[in-house]
Amino acid sequence: MKGKKVTLLRQDFPFLQKKKGEKKPVYFDNACQSLRPEPVIQAINEYYRDYPGCAGRSAHRIGEEVSRAVAAARKKIARFLRVQHEEEIIFTRNTTEGINLVAQSWPWQEGDRVLISDKEHNSNLLPWLRLQKQKIIQLDVVPSTEDNQLDLNRWEEVLRQKKVRLISVGFTSNLDGVTIPAAELIKLAHDYGALVLLDGAQTVPHQQLNLAKLGVDFLAFSGHKMLGPSGTGVLYARRELLEQMNPFLLGGETVARSTYQDYTLLPPPEKFEAGLQNYAGIIGLGAAVEYLEKVGFDFIQKQEEELNSFLTAQLQQIPQLQIIGPADPRQRGGIISFYLPQISASQLALILDSSHWIMVRAGQHCVHSWFAARKIPATLRISLYFYNTREEAEIFLQALQQTLKIL
């Protein structure tokens with residue numbers, strides 16, 4: 001039954017129907033961005049074809065239709081995240097913009113301290129480094145365990161010793177697929193008076209979240225990793241926190257009135273959504289959320305876990321191959337990041353693509369700081385999603401063995 005469901009779902013993805021000679025594409029780069037199903041593509045095209053207007057500005061019929069469609073998308077995403085107030089959903093371009101919005105808009109006080117982990121994506125490192133260089137905050141990096149997991153005891157030790165304003169940490173790592181114990185960390189942070197921002201880029205596409213129950217203060221994620229269009233994202237923030245923040249972008253749609261001397265901002269979410277928005281993208285993101293709900297997260301997680309377990313067992317038989325993160329694949333979600341000493345990950349990826357049409361990611365995955373500290377040049381990263389199959393995994397393993405013989 002599960003195999004039949006995957007076969008049916010794959011028919012919704014135009015890219016998976018392509019052929020290059022006798023080969024079909026094997027797309028294992030989902031942590032970068034996922035493929036898009038036909039319902040999402042149709043939703044985007046319908047906007048451009050049928051009602052290509054501006055939301056919130058024009059009283060004519062297509063303007064009103066866009067406004068309704070954008071409002072409907074916001075409502076879908078609020079429901080998807082189990083958020084009570086729709087105005088807590090801010091549309092952004094991606095996770096990076098969401099994190100920067102918090103960093104640049106929060107009313108920092110002298111002596112405020114931010115904590116991050118030692119394996120953060122550049123998007124959750126550079127904004128805080130810049131604030132530290134500007135002497136606005138102090139930044140501390142909390143090390144992970146030897147196998148790249150979050151140690152709550154270490155975090156509590158720092159929280160106990162230093163007055164922390166904000167913890168900003170990746171919910172699921174794009175480096176190794178490890179998901180942190182977010183609920184426990186949030187409770188710990190709140191016990192010590194700190195707020196929590198989660199980078200949910202690699203979490204929201206893969207597991208059902210209940211933000212009301214989780215109690216997180218901020219959550220940022222991207223549409224392009226969860227079947228949605230590029231250039232779309234969301235920042236969730238509790239309403240009382242949004243009211244304390246001043247937007248770092250101002251312009252059309254952010255104000256109720258303006259004069260030559262002053263202006264009055266609109267309430268959230270409008271005050272954080274300056275200028276004409278990516279309406280087609282927002283509407284497409286709403287369609288992506290509906291599609292994911294129909295697929296079901298139990299199915300998604302089971303498919304990823306089975307494929308990761310199979311691939312890990314086979315890869316561990318290759319001499320000298322090192323997998324980043326925990327040995328147990330169930331602790332790495334849909335990601336397998338590995339390297340082989342003396343073999344270039346980039347060269348390996350290029351051959352897999354050119355000779356076998358297998359798409360994987362080679363490099364430092366925007367976590368340069370982690371690689372620099374460990375003097376590891378790069379890894380090859382397989383990142384899976386629910387439309388990937390056991391057959392594709394076998395094709396990859398056979399191609400990898402052939403390529404390693406050449407290298």
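- Under 4.0 Å is where a charged nitrogen must lie from a carboxylate oxygen, and between D217 and R238 at least one such pair does.
- Among T379, T312, L315, the single residue meeting the side-chain contact (heavy atoms from CB on, under 4.5 Å) criterion with F338 is L315.
- Judged purely by atom type and a 3.5 angstrom limit, Q277 uses its side chain to pair as donor or acceptor with the backbone of G275.
- When all heavy atoms are compared, the tightest approach of S230 to N278 is O-ND2, 3.8 Å.
- Using a 4.5 Å heavy-atom threshold, the side chains of N210 and Q208 count as separate.
- Note: K20 NZ to H356 NE2 = 12.5 Å, rounded to the nearest 0.5 Å.
- Side-chain contact between Q402 and I406 is absent, with no heavy atoms from C-beta onward closer than 4.5 Å.
- Taking 4.0 Å as the cut-off between side-chain N and carboxylate O, E293 and R79 count as a salt-bridged pair.
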Report the C-alpha distance between Y385 and H206 in whole Å, list the side-chain angles of each, state the deciding distance to 0.1 Å, and finish with yes or no for ring pair (Phe, Tyr, Trp, His ring centres under 6.0 Å). CA-CA 8 Å; Y385 214 6; H206 303 279; 4.9 Å; yes
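- In this structure, R74 pairs ionically with E273, as a charged nitrogen and a carboxylate oxygen lie closer than 4.0 Å.
- Summarising the geometry of G223 relative to L285, their closest heavy-atom pair is CA-CD1, 3.7 Å, with the distance given to 0.1 Å.
- Looking only at atom types and distance, the side chain of E120 has a donor-acceptor partner in the side chain of S117 under 3.5 Å away.
- Using bins of under 30°, 30° to 60° and over 60° for the plane-to-plane angle, the ring pair W106/F218 lands in the perpendicular bin.
- Atom CD in Q33 sits 13.5 Å away from atom CE in M226 (nearest 0.5 Å).
- Taking all atoms of both residues into account, the shortest heavy-atom contact from S105 to F248 is OG-N, 3.6 Å.
- Within the model, atoms CG of N100 and CD of E97 stand 8.0 Å from one another, a figure rounded to the nearest 0.5 Å.
- Within a 6.0 Å sphere centred on CZ of R374, other residues, nucleotides and ligands contribute more than 12 heavy atoms.
- Salt bridge absent: D112 and K163 never bring a charged side-chain N and a carboxylate O closer than 4.0 Å.
- In this structure, SG on C366 lies 7.0 Å from CG on N174, to the nearest 0.5 angstrom.
- The pair E290-K294 fails the salt-bridge criterion, with no side-chain N (NZ, NE, NH1 or NH2) lying under 4.0 Å from an Asp/Glu carboxylate O.
- Electrostatic pairing of K187 and D191 counts as a salt bridge here, judged by a charged N lying under 4.0 Å from a carboxylate O.
- Panel note: side chain K225, backbone A201; no donor-acceptor pair is recorded below 3.5 Å.
- Contact of the W108 side chain with the R165 side chain is registered, since non-hydrogen atoms from C-beta on lie closer than 4.5 Å.
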Can R390 and E394 be said to form a salt bridge (charged side-chain N to carboxylate O under 4.0 Å, His left out), step by step? CA-CA 6 Å; R390 171 74 173 257; E394 290 170 347; 3.3 Å; yes
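- Surrounding CD of Q398 are at most 12 heavy atoms belonging to other residues, nucleotides or ligands under 6.0 Å away.
- Counting only N and O atoms by type, the side chains of N30 and Y387 include a donor and acceptor under 3.5 Å apart.
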Please evaluate residues E156 and Y192 with respect to the criterion side chain to side chain donor-acceptor pair (under 3.5 Å), reporting the C-alpha separation (whole Å), side-chain torsions for both, the decisive distance (0.1 Å), and the verdict. CA-CA 9 Å; E156 183 168 17; Y192 285 91; 3.1 Å; yes
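- A donor-acceptor pair under 3.5 Å links the side-chain atoms of H60 to the main chain of G63, judged by distance alone.
- The only option from L81, T203, T92 that meets the side-chain contact (heavy atoms from CB on, under 4.5 Å) definition with F221 turns out to be L81.
- Ion pairing of R381 with D176 is absent here, as no side-chain N (NZ or NE/NH1/NH2) approaches a carboxylate O to less than 4.0 Å.
- Judged by distance alone, with hydrogens and angles left aside, the side-chain atoms of E392 form a donor-acceptor pair with the main-chain N or O of T389 at under 3.5 Å.
- Looking at heavy atoms from C-beta onward, R154 lies in side-chain contact with P143 at the 4.5 angstrom threshold.
- Under 3.5 Å, the side chains of D199 and T95 contain no donor-acceptor pair of N or O atoms.
- Not a single donor-acceptor pair under 3.5 Å links the side chain of K119 to the backbone N or O of S369.
- Taking every heavy atom of both residues into account, E304 and L384 meet most closely at OE2-O, 3.7 Å.
- Counting heavy-atom neighbours within 6.0 Å of E110 CD, excluding the residue itself, gives a total of 12 or less.
- By the 30° and 60° cut-offs, the orientation of the rings of F297 relative to F80 is tilted.
- Here the side chain of E88 pairs no donor or acceptor atom with the backbone of Q84 at under 3.5 angstrom.
- Rounding to the nearest 0.5 Å places OH of Y236 at 11.0 Å from CG of L198.
- When all heavy atoms of C54 and L276 are compared, the closest pair comes out as SG-CD1, 3.4 Å.
- Looking at every heavy atom in both residues, L235 comes nearest to A220 through CD1-CB, 4.2 Å.
- Q134 CD: more than 12 foreign heavy atoms inside a 6.0 Å radius.
- Inspection of the N94 and S222 side chains reveals no N or O donor paired with an N or O acceptor under 3.5 Å.
- A 6.0 Å sphere centred on CD of E391 holds no more than 12 heavy atoms belonging to other residues, nucleotides or ligands.
- Looking only at side-chain heavy atoms (C-beta outward), L209 and F171 come within less than 4.5 Å of each other.
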Intermediate values then yes/no, side-chain contact (heavy atoms from CB on, under 4.5 Å), I324 and L175: CA-CA 8 Å; I324 303 298; L175 168 64; 4.3 Å; yes
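- Rounded to the nearest 0.5 angstrom, Q104 CD and M245 CE are separated by 10.5 Å.
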Just do the side-chain contact (heavy atoms from CB on, under 4.5 Å) check on L250 and L265 with the steps written out, would you? CA-CA 9 Å; L250 288 172; L265 289 173; 3.5 Å; yes
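- Cation-pi geometry between R36 and F13 is not satisfied (NZ or CZ under 6.0 Å from the ring centre, within 45° of the ring normal).
- A heavy-atom distance below 4.5 Å is not found between the side chains of L101 and L249.
- Put simply, the side chain of Q303 gets close to the backbone of N388: a donor and an acceptor are under 3.5 Å apart.
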Would you please test F371 and H365 for side-chain contact (heavy atoms from CB on, under 4.5 Å) and show each step? CA-CA 9 Å; F371 283 88; H365 317 297; 4.0 Å; yes
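- Side-chain contact between T232 and R93 is absent, with no heavy atoms from C-beta onward closer than 4.5 Å.
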Stepwise, does the salt bridge (charged side-chain N to carboxylate O under 4.0 Å, His left out) test hold for E86 with R239? CA-CA 10 Å; E86 294 165 31; R239 184 165 53 180; over 6 Å; no
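- At a threshold of 4.5 Å between non-hydrogen side-chain atoms, the residues S355 and T403 do not count as touching.
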Using the side-chain contact (heavy atoms from CB on, under 4.5 Å) rule, take L400 and I318 through it: C-alpha gap first, then chi angles, then the decisive distance, then the call. CA-CA 10 Å; L400 178 65; I318 298 174; 3.8 Å; yes
